[in-house]
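Remember, it's a predicted structure, so these values are computed and weren't measured experimentally. Index from 1, following the sequence. When a ligand or atom number is given, it counts from 1 through the structure's own listing order.
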Amino acid sequence: MTELIFATHNENKVREVRPLLDGNFRIMSLTELGLNDDIPEPFDTIPENAVEKARTIFELTGKNCFSEDTGLEVFSLNGEPGVKSARYAGPSHHFEANIDKLLGKLEGKTDRSARFLTVVCLILNGKRHLFEGECKGSITIARRGDKGFGYDSVFIPEGSDKTFGEMEFEEKNKFSHRRKAIDKLISFLQEEYK
Ligand code: ITT
């Protein structure tokens with residue numbers, strides 16, 4: 001079975017993505033490989049950071065790998081938190097503080113529309129390929145649900161009345177930005193390996 005490293009330290013992402021690729025590809029996480037060093041995300045755009053994560057792991061291992069970078073963009077906040085999603089409330093990457101800041105900034109705003117954007121970067125046989133996935137939706141007034149991670153408890157995808165925080169990850173995968181980007185990755189890999 002073809003092996004691919006998923007260049008992420010976020011185990012929630014691994015949990016969502018692994019079942020989508022199961023059967024055809026063996027996904028190895030950085031934790032399983034004992035690669036615990038921080039991966040830099042120095043850039044101001046999501047695609048550049050996705051590339052940087054995959055490039056770092058490819059240089060370290062020389063193996064086929066993919067990464068992904070995700071941001072939440074809120075339209076009435078001019079796209080914030082965007083590329084700063086992980087460190088919106090400060091460098092400590094604290095989910096709860098990030099959500100508090102977001103809900104605070106949206107207080108009194110009627111337009112609460114938002115989207116998650118994911119860019120996956122695959123490095124296959126030394127060549128780089130990018131795939132994008134988007135999920136449109138809106139931000140709730142308060143947190144709902146304790147499943148998922150990050151901003152899941154305040155994001156309702158279009159087509160549902162639940163937040164991602166109220167969904168098991170299989171249900172989130174029916175709507176999610178990550179799922180859509182990974183679907184494109186899978187179609188590409190199927191062509192490459194047919
Ligand atoms: P890696 O860089 O190791 O992959 P990360 O958690 O730092 O993991 P990102 O930079 O891609 O991941 O994500 C930025 C933040 O956006 C992340 O910390 C979460 O708070 C949030 N986020 C990403 N995907 C999300 C999702 O599907 N649902 C809710 N929040 C999400």
Please list every donor-acceptor pair under 3.5 Å in which a side-chain atom of residues 72-83 meets a protein atom from a residue at least two apart or in another chain.
unit_1, atom_1, unit_2, atom_2, d
E73, OE1, R115, NE, 2.8
E73, OE1, R115, NH2, 2.9
S76, OG, D111, O, 3.0
E80, OE1, Y88, OH, 2.4
E80, OE1, K105, NZ, 3.2

Does the side chain of [X] come under 3.5 Å of the side chain of [Y] through a donor N or O and an acceptor N or O?
X: T70; Y: T118; result: yes
X: E11; Y: T31; result: yes
X: T45; Y: E48; result: yes

With respect to D152, which candidate in R144, K147, K172, R143 satisfies the side chain to side chain donor-acceptor pair (under 3.5 Å) definition? K172
Neighbouring protein residues of ligand 1 - any heavy atom closer than 4.0 Å: T8, H9, N10, K13, E41, K53, E68, D69, T70, S85, A86, F95, F116, F149, G150, Y151, D152, K172, H177, R178
Identify the two heavy atoms, one from N173 and one from E16, that lie closest to each other, and give their separation to 0.1 Å. ND2-O, 3.1 Å
